[in-house]
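Note that the coordinates shown come from a computational prediction; the quantities given were computed from them, not determined experimentally.
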Amino acid sequence: QVQLVESGGGLVQRGGSLRLSCVASGRTFGNYAMGWFRQAPGKEREFVAAISQSGSSTSYADSVKARFIISRDNAKRSVYLQMNSLKPEDTAVYYCAADARYINYSTTGGYDYWGQGTQVTVSS
């Protein structure tokens, strides 16, 4: 069992930055690959970024490459998403997710656990 709690969302202007955090509890954090997804109103939940258990491998959606950075601190049982050069189209609820395997990391079905989400709003 894993519980995930996101934080760090808020309102930011175009071009600004935010750092999202996700803290896990319930199991050994280092056993899980972690992902960030987002869901905008009227749209499906989409993949943003993922990181392997050790942090040695990362993956990003094309829309956020070179702008977002995913990282983790296993000692703190946390995963982060540094978001830079934010655009209005980045506006969404961002969700942290965990899975035991870093395989189907870009699909919602590839994760067993989800956080409650944190709202990110980017104004123009």
Side-chain angles (χ1 to χ4, degrees):
Q1 296 181 1
V2 176
Q3 290 185 328
L4 305 172
V5 180
E6 303 97 333
S7 63
L11 175 65
V12 65
Q13 294 188 56
R14 177 195 292 270
S17 298
L18 284 173
R19 185 183 187 232
L20 305 184
S21 298
C22 174
V23 179
S25 63
R27 283 193 177 273
T28 301
F29 180 73
N31 290 343
Y32 293 91
M34 303 295 298
W36 286 97
F37 289 74
R38 66 188 183 187
Q39 187 167 20
K43 295 187 177 181
E44 297 294 321
R45 192 169 299 186
E46 67 174 352
F47 170 73
V48 176
I51 188 166
S52 62
Q53 293 90 329
S54 68
S56 61
S57 297
T58 58
S59 183
Y60 299 91
D62 289 341
S63 60
V64 306
K65 286 181 179 177
R67 298 191 298 122
F68 291 10
I69 300 172
I70 188 170
S71 62
R72 67 189 297 159
D73 186 336
N74 288 349
K76 296 182 178 180
R77 306 192 325 279
S78 298
V79 63
Y80 309 97
L81 185 68
Q82 178 66 46
M83 305 184 295
N84 302 313
S85 301
L86 284 162
K87 306 174 181 179
E89 52 262 45
D90 294 319
T91 295
V93 176
Y94 283 70
Y95 297 90
C96 176
D99 189 71
R101 302 198 298 182
Y102 187 67
I103 298 178
N104 298 317
Y105 55 79
S106 64
T107 63
T108 57
Y111 294 84
D112 294 326
Y113 305 98
W114 295 84
Q116 82 289 343
T118 185
Q119 177 71 48
V120 172
T121 302
V122 184
S123 65
S124 60

* **Worked check of side-chain contact (heavy atoms from CB on, under 4.5 Å) between Thr121 and Val12** => CA-CA 6 Å; Thr121 302; Val12 65; over 6 Å; no

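- To the nearest 0.5 Å, atoms CD1 (Ile69) and OG (Ser71) are separated by 8.0 Å.
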* To do: Show the numbers, then the answer: is there a side-chain contact (heavy atoms from CB on, under 4.5 Å) between Phe29 and Met34?
  => CA-CA 9 Å; Phe29 180 73; Met34 303 295 298; 3.7 Å; yes

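- Applying the disulfide bond (SG atoms under 2.5 Å apart) rule to pairs touching residues 28-79 yields nothing, sequence neighbours excluded.
- Among residues two or more places apart in sequence or in another chain, the ring pair (Phe, Tyr, Trp, His ring centres under 6.0 Å) test is passed with Phe37 by Phe47, Tyr111, Trp114.
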Could you tabulate the donor-acceptor pairs under 3.5 Å formed by side-chain atoms of residues 94-101, not counting sequence neighbours?
unit_1 : atom_1 : unit_2 : atom_2 : d
Tyr94  : OH     : Arg38  : NH1    : 2.9
Tyr94  : OH     : Asp90  : O      : 2.6
Asp99  : OD2    : Arg101 : N      : 3.0

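- Remark: Phe68 CZ to Trp36 CH2 distance equals 11.0 Å, nearest 0.5 Å.
- Applying the side chain to side chain donor-acceptor pair (under 3.5 Å) test to residues at least two apart or on different chains, the pairs with a partner in residues 51-62 are Ser54-Ser56, Asp62-Lys65.
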* Steps toward side-chain contact (heavy atoms from CB on, under 4.5 Å) verdict (Val23, Gln3) -> CA-CA 8 Å; Val23 179; Gln3 290 185 328; over 6 Å; no

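- Residue pairs satisfying the side chain to side chain donor-acceptor pair (under 3.5 Å) criterion with at least one member in residues 4-19, sequence neighbours excluded, are listed as follows: Glu6-Gln116, Ser17-Asn84.
- Contacts of Lys43 classified as salt bridge (charged side-chain N to carboxylate O under 4.0 Å, His left out), with partners at least two apart in sequence or in another chain: none.
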* Please assess Val120 against Leu18 for the test side-chain contact (heavy atoms from CB on, under 4.5 Å), listing each intermediate value before the final yes or no. => CA-CA 9 Å; Val120 172; Leu18 284 173; 3.9 Å; yes

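- Between the side chain of Ser78 and the main chain of Lys76, a donor-acceptor pair closer than 3.5 Å is present.
- Between the side chain of Arg67 and the backbone N or O of Ser63, at least one donor-acceptor pair lies under 3.5 Å.
- To the nearest 0.5 angstrom, Ile51 atom CD1 is 11.0 Å from Tyr80 atom OH.
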